[in-house]
Visitor: 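Please read through the structure below; I'll follow up with questions.
What's counted below: heavy atoms across the whole structure, side chains too, no hydrogens, waters or symmetry copies. Numbered from 1 within each chain, the chains take letters A, B, ... in sequence-line order.
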There are 2 protein chains.
Amino acid sequence: MLTPEVAAPPPLHPQRDELELPAVLHALSDPVRLRIIADLASGEERSCKSFDLPVVKSTCTYHFRVLRESGVIRQRLEGTTRLNSLRREDLDARFPGLLDAVLGCPVS
Amino acid sequence: MLTPEVAAPPPLHPQRDELELPAVLHALSDPVRLRIIADLASGEERSCKSFDLPVVKSTCTYHFRVLRESGVIRQRLEGTTRLNSLRREDLDARFPGLLDAVLGCPVS
DNA sequence: GCAAATGTTCGATGACCGTCGTACAATGAG
DNA sequence: CTCATTGTACGACGGTCATCGAACATTTGC
């Protein structure tokens, strides 16, 4: 009880003008995370569970956190699930064309 | 003398259709390497030494190797120097718009 | 031939990455 | 209340990253 957090700390989401290119590119440089953002490209909100990823739960948490903390996705709490969506407007504003270019690339 | 390499192995350059998106994005996710490709964006060939990078020689070699092996740059031997250039046509062909998007991003 | 210039290679090092499993927390259903 | 669902937190782990310094290689110029 040395750090008596009153409630769960809200997930960190960098502001639009705080997005950093190296961090965003690093977030996009992993195949699992590329698959996540490809699935989010339609614009819909998706729970973590709705993705069929080749890793266990805790690893999913890790990948979604990397995407969120770099500013690529947004996470919103809804009951017991976490709804994920692409921060397309913020990305387009700060790094014009980048997201579309990545989403348009061949998967393999 | 267990592996009698007859001559220096030629630097590895992946073919255009071998370029992989995660590797390219990873290569571009480092500030030093972003600086290198920004300097190469003009299209000219530059020796490694002509870049004013905040790291020592051997680290430069490392960064140029990451860029070359991911297919972002080309290295050509010319006397005692190594001339570096962007593989813009290959990148544009395989990942349309990606390089321009990255080069157009704010540095910080 | 010798020395300078330009890079590479190699080993070391500390930090970070991606993965897992277990335990935990919060919400919703019965 | 109890339990299932959904996700986070934490610790461990092997591997990779970015960095350095020292030694080496290759070409050019004197």
Visitor: Please collect all ring-ring contact (aromatic ring centres under 6.0 Å, His included) contacts where either partner lies in residues 42-61 of chain B, sequence neighbours excluded, each pair once.
Guide: B/Phe51-B/Phe64
Visitor: How many whole angstroms separate atom NZ of B/Lys49 from atom P of D/dT28?
Guide: 18 Å
Visitor: Can you confirm whether B/Leu83 sits close enough to B/Leu77 that some side-chain heavy atom of one is under 4.5 Å from a side-chain heavy atom of the other?
Guide: no
Visitor: Rounded to whole Å, how long is the line connecting atom CD of A/Glu45 with atom C1' of D/dG7?
Guide: 16 Å
Visitor: Residues of residues 53-63 of chain B with any non-hydrogen atom less than 4.0 angstrom from an atom of DNA chain C: list those, numerically ordered, please.
Guide: B/Lys57, B/Ser58, B/Thr61
Visitor: Taking the side chain as everything from C-beta on, heavy atoms only, tell me whether A/Leu25 gets closer than 4.5 Å to A/Leu98.
Guide: yes
Visitor: Kindly write out the residues that satisfy side-chain hydrogen bond (donor to acceptor under 3.5 Å, both in side chains) with A/Asp100, not counting sequence neighbours, or none if the list is empty.
Guide: A/Arg88
Visitor: Are A/Arg33 and A/His26 side-chain neighbours, meaning at least one heavy-atom pair lies under 4.5 Å?
Guide: yes
Visitor: Between atom CG in B/Leu83 and atom P in C/dT6, what is the gap in whole Å?
Guide: 12 Å
Visitor: When you match A/Glu78 and A/Val66 each to their closest nucleotide on DNA chain C, which lands nearer the 5' end?
Guide: A/Val66
Visitor: Below 4.5 Å, heavy atoms only, C-beta onward: do B/Ile36 and B/Asn84 meet side chain to side chain?
Guide: no
Visitor: For B/Asn84 and C/dT6, give me the distance from atom CG to atom P, rounded to whole Å.
Guide: 14 Å
Visitor: Compare the minimum distances between each of D/dG7, C/dT19, C/dT6 and the side chain of B/Thr81, then state the nucleotide with the smallest one.
Guide: C/dT6
Visitor: Measure from the side-chain heavy atoms of B/Arg33 and tell me the nearest of C/dC17, D/dA18, D/dT5.
Guide: D/dA18
Visitor: If a pair means Watson-Crick or G-U wobble with both distances below 3.5 Å, what does DNA chain D look like in dot-bracket form, with | marking bases paired to a different strand?
Guide: ||||||||||||||||||||||||||||||
Visitor: Whole Å only: how far is the CZ atom of B/Phe64 from the C1' atom of D/dT19?
Guide: 16 Å
Visitor: Output side-chain donor-acceptor pairs under 3.5 Å for residues 12-19 of chain A, partner residues at least two apart or in another chain, one line each.
Guide:
from, atom 1, to, atom 2, distance (Å)
A/His13, ND1, A/Pro11, O, 3.3
A/His13, NE2, A/Gln75, N, 2.9
A/Arg16, NE, A/Asp90, OD1, 2.7
A/Arg16, NH2, A/Asp90, OD1, 3.1
A/Glu18, OE1, A/Gln15, N, 2.8

Visitor: In a check of side-chain contact (heavy atoms from CB on, under 4.5 Å) between B/Leu21 and each of A/Leu28, A/Leu34, A/Val107, which one passes?
Guide: A/Leu34
Visitor: Could you give the CZ-to-P distance, from B/Arg82 to C/dA5, as a whole number of Å?
Guide: 18 Å
Visitor: Starting at CZ of A/Arg35 and ending at P of C/dG18, how long is that distance when rounded to a whole Å?
Guide: 16 Å
Visitor: Just how far, in rounded Å, is P of D/dA9 from CZ of A/Arg65?
Guide: 8 Å
Visitor: Could you check which of C/dG7, D/dG7, D/dA18 has an atom nearest any side-chain atom of B/His26?
Guide: D/dA18
Visitor: Please identify each residue that fulfils ring-ring contact (aromatic ring centres under 6.0 Å, His included) with A/Phe95, with sequence neighbours left out.
Guide: none
Visitor: Identify which nucleotide among C/dT6, D/dG7, D/dT5 has an atom closest to any side-chain atom of B/Thr80, counting heavy atoms from C-beta outward.
Guide: C/dT6
